[in-house]
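Just so it is clear, the model here is predicted, and its values are computed rather than measured.
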Amino acid sequence: MTAPHGKAASPFKQPKAVWAVAFACVISFMGIGLVDPILPALAENLHATPSQVSLLFSSYLIVTAVAMLFVGWFSSRFGAKRTLVIGLGVIVVFAALAGTSGSINGIVGFRAGWGLGNALFIATSLAVIVASASGGFGGAIILYETALGLGIAVGPLLGGELGGISWRGPFFGVAALMAVALVATALFVPSLPRPERRTSPLDPLKALRHRGLLTMGVMALLYNWGFFTMLGYAPYPMELSAHELGLVFTGWGLLVAAFSVFFAPRLQSRFGTAPVLYANLIGLGVVMAVIGAGVDSPTTVIVAVIVSGVFIGINNTLTTQAVMLVSPVERSVASSAYGFVRFIGGGLAPYVAGKLADATDLSVPFYVGAATFVLAVPVLASGHGLLRRAEAGEGRGETVEPSFSAVGDPAPAGSAPVVVAVAAHGSAAVTVDAAARLARDGDSPLVVVHVQQTAVVEEQASEIETDEQARAAVLAHLDRLGAQGVNATGQVLNSVGDHAAAGRALARHAADAGARLVAVGRSPRGPVAQFADGSFTAALAQNAACTVLLVDPETEPQHLTSDSVARLRDSTV
C-alpha cells in the first residue's frame, strides 16, 4: 500500500465538500448529548414524568432503527448527495418543530421525524467524506474522527448553555446549525456515482440469517439497552442545572471520543477484539451497578457516568469492527442490519426503564441495565469462534490474474516469495521495481499485494474503495511488469479497522505465503495522521516474520525491524 512520495500532507487540506459534510457530522454527533442536559428541565416545564420524557429517546431511536432498513435502498436509487441533503432537511424541520412544541407528546413525535433524518444522514456521511477527500482517504478519516470528537464533546456543553436560557434552545440551535450544513452540502458536495447494484429493504433482514451478524447484533442490542438507560435516566439523580449537566456530559463525551478513536484500536491490536469486549462489557455492568447502588448520591452518579465514557468509547468502535469482521455480506447491508438491531435496543430501553422506575424506584432501571451489559458477554462468547476465525482470516484474500503472461523465466517452484505492497492511489512503481529486482536476484516469485480497507470510526463503517478499484490497483502493476518480461502474481487482501490493522493483515499474509521479504513504500502521512489512524509500516514490521524493506526514492532502502520501527513512525503506508 504505497502512497505518493513527498512531503507529509496535512489531513485538514480538503475540498469544500469534505468540510461541509464534516461540519454536518459535528452537529449530528451533538444530537444525543445536546438533549441530555435539558431532560430535567423538560420534565419540570412540561409537567411530565421522567418516563414520559424518556420517550424522546425511544421515538428517535426506533424510527432510526426502522429507517436503517431503507436507507441503502434509498441511497442506491437517489444517490448519496441527495440522501444527505434530504436527511439534513428533515432534521432541520423536525428539530425546529420540537422547539416550537408546547407538550411532551409533541416533542416525542417530532423527535421521531428527527430520527428519520438522522438515519438518512449517518448511513451516507462517512462514505461521502471518503469519496470527496483529496490526497487519499487517510485525511478524510482523520477529519471524520475530529468531527466525531467535537460533536460528542461539545454537544452537551452547547446543550447546557442553550438549555440554561430555555429548554427550547437546544432544539432551535440544532435546527439553525443544521440549516447552515444543509446549504453548504447542497452547494459544495458534488453528485457522486450511484452503486452499480441497487439494494432491497429486505436485504438487511435477510443478512440477519447469518449467525455471526445476528450474534453481534444481539450483543449490540443488549449493550445499547444499558447505554440508553443511562443516558435517559442518569441526569435526574445528579440534581444539577442544565449548565452543570452540560459540563458533566462534556467530560463523558471527551472520554467517549478519545477511547473510541485512539485507544480502542490499540487495545484490539494487543489483546484481540473479543477479550477487550468481554472486559469492557463487564466494566460497564459494574459502572451501572454503582449508579444503581448510589442513586441517592449525586456525586457517585456523576463520577460513574463520566467514567463510563471510557468503556462506551471502546465498545462503540470494537463492536462495529466485530460486525464487519464476521459479516459475509456487503458492508453497507451489514451496517444497515446491525443498525436496525442495535437501535431497536436503544429505543426500547428508555420506555421499559420508565415503566420500571414508575412501578419501583429509580435504582431498578440501572440494575437492569447492568444485567443487560453482563448478559451481552455470553452472547458474544457464543460467537467467539466465528470472530476469532474472522480475525485470523484477514491475511487471506483474492487472487488477481494479469491480463497476459510475461515471457520471462518463472522463479523456481517452492522458492520463498518477495511481497510488495501497493496502494490504489499514488505512484508505487519505484517500490514495485525495487521488489522486482530483489525477486530476480534471489530467484524468488514476486507477489503484488493491495490491502482493501474498511474504515471503522466509532459506530460507522465504510468501504474505502470498490472491489474493482482494489483489483485495478494490483492489475496495473502486474501488466506493467508483464510488459517488461517480469512474472508476478497478485493478491487483494481485506482488512477492517485503521491503517495498523491493514499492516497486521499484510504481515499475516506474508507469513502464510512463507515470504522472505516484504517491500513497502514511504507515504506522505505525517505524525498526526499516524497517531489517529495507526501506522501501517510500524504494525507490519512489528508483526512480520520476515524482513521488511522500506523503499524511498530519495534515500537508500531501509530494512526495518521491531527495534527500528520507533524511529520510522512517520514512514507510514
Please give me the minimum heavy-atom distance between P204 and A337, naming the atom from each residue.
O-CB, 3.3 Å

Before you tell me yes or no, could you show the steps for N118 and Y60 under side-chain hydrogen bond (donor to acceptor under 3.5 Å, both in side chains), namely the whole-Å CA-CA distance, both residues' side-chain angles and the distance that decides it to 0.1 Å?
CA-CA 9 Å; N118 183 63; Y60 175 84; 3.2 Å; yes

Counting C-beta onward and ignoring hydrogens, is there a side-chain heavy-atom pair between S335 and M324 closer than 4.5 Å?
yes

Evaluate whether atom OH of Y278 has more than 12 neighbouring non-hydrogen atoms of other residues, nucleotides or ligands under 6.0 angstrom away.
yes

Is I312 close to W252 at the side-chain level, that is, under 4.5 Å between some pair of heavy atoms?
yes

Mind checking whether Y223 and L284 have side chains closer than 4.5 Å, heavy atoms only?
yes

Please give me the minimum heavy-atom distance between L213 and S327, naming the atom from each residue.
CD1-OG, 3.4 Å

Between S58 (side chain) and L55 (backbone), is there a donor-acceptor pair under 3.5 Å?
no

With rounding to the nearest 0.5 Å, note down the distance linking CG in L69 to OG in S200.
10.0 Å

Indicate yes or no for a side-chain donor-acceptor contact from S336 to the backbone of S332 under 3.5 Å, with no hydrogens or angles considered.
yes

Would you say that V35 contacts L56 through its side chain, given a criterion of any heavy-atom pair below 4.5 Å between the two side chains?
yes

In Å, rounded to the nearest 0.5 Å, how long is the span from NE2 of H450 to CG of L475?
12.5 Å

About how many Å separate OG1 of T100 and CZ of F172, when rounded to the nearest 0.5 Å?
5.5 Å

Rounded to the nearest 0.5 Å, how far apart are CG of L120 and CD1 of I86?
7.0 Å

Paired with V53, the side-chain contact (heavy atoms from CB on, under 4.5 Å) test is passed by just one of L39, I38, L46, namely L39

Can you see which heavy atom on A505 is nearest to which on S495, and at what distance?
CB-CB, 4.2 Å

Where the side chain of T250 meets the backbone of V154, is there a donor-acceptor pair that is under 3.5 Å apart?
no

Does NZ or CZ of R266 come closer than 6.0 Å to the centre of the six-membered ring of F262, within 45° of the ring's axis?
no

Check whether any side-chain heavy atom of T319 lies under 4.5 Å from a side-chain heavy atom of M219, and answer yes or no.
yes

For side-chain hydrogen bond (donor to acceptor under 3.5 Å, both in side chains), just list the numbers for Q268 and T273, CA-CA rounded to whole Å, side-chain angles, deciding distance to a tenth of an Å, and then say yes or no.
CA-CA 5 Å; Q268 187 272 343; T273 304; 3.1 Å; yes

Using the rule given for side-chain contact (heavy atoms from CB on, under 4.5 Å), can you reason through V379 versus L222, listing the C-alpha separation, both sets of side-chain angles and the distance that settles it, and then say yes or no?
CA-CA 9 Å; V379 172; L222 292 167; 3.8 Å; yes

Taking the six-membered ring for Trp, is the centroid-to-centroid distance between F74 and F78 below 6.0 Å?
yes

At their closest point, which heavy atom of L88 faces which heavy atom of A181, and how far apart are they?
CD1-O, 4.0 Å

Rounded to the nearest 0.5 Å, what separation is found between the CG atom of L158 and the CE atom of M30?
5.5 Å

Looking only at non-hydrogen atoms, find the nearest pair between A153 and P156 and report the distance.
O-CD, 3.5 Å

Hey, what do you get for OG1 (T320) to CG (N315), rounding to the nearest 0.5 Å?
9.0 Å

Could you walk me through whether L356 and Y233 pass side-chain contact (heavy atoms from CB on, under 4.5 Å), step by step?
CA-CA 12 Å; L356 289 173; Y233 285 88; over 6 Å; no

Answer yes or no: is there a side-chain heavy-atom contact under 4.5 Å between F57 and D36?
yes

State, to 0.1 Å, how close I122 and S28 come at their nearest heavy-atom pair, and which atoms those are.
CG2-OG, 4.0 Å

Look at the aromatic rings of F171 and W114 and report parallel, tilted or perpendicular, splitting at 30° and 60°.
perpendicular

Looking at side-chain heavy atoms only, is the closest gap between L387 and M216 below 4.5 Å?
yes

Apply the test side-chain contact (heavy atoms from CB on, under 4.5 Å) to residues F70 and V66: give CA-CA distance (whole Å), side-chain angles for both, the deciding distance (0.1 Å), then the verdict.
CA-CA 8 Å; F70 297 89; V66 175; 4.2 Å; yes

Answer yes or no: is there a donor N or O on one side and an acceptor on the other, between the side chain of S101 and the main chain of S103, under 3.5 Å?
yes

Go through the steps to decide whether V276 and I314 satisfy the test side-chain contact (heavy atoms from CB on, under 4.5 Å), and finish with yes or no.
CA-CA 8 Å; V276 175; I314 294 170; 3.8 Å; yes

Give a yes or no on whether the backbone of V108 and the side-chain of S59 come within a donor-acceptor separation of less than 3.5 Å.
yes

Is a donor on one side and an acceptor on the other found under 3.5 Å between the side chain of S269 and the backbone of P265?
no

Could you tell me if the side chain of L380 sits less than 4.5 Å from the side chain of H384, heavy atoms only?
no

Tell me whether S260 contacts the main-chain N or O of T317 through its side chain, where contact means a donor paired with an acceptor under 3.5 Å.
no

T64 side chain to G115 backbone, donor-acceptor under 3.5 Å
yes

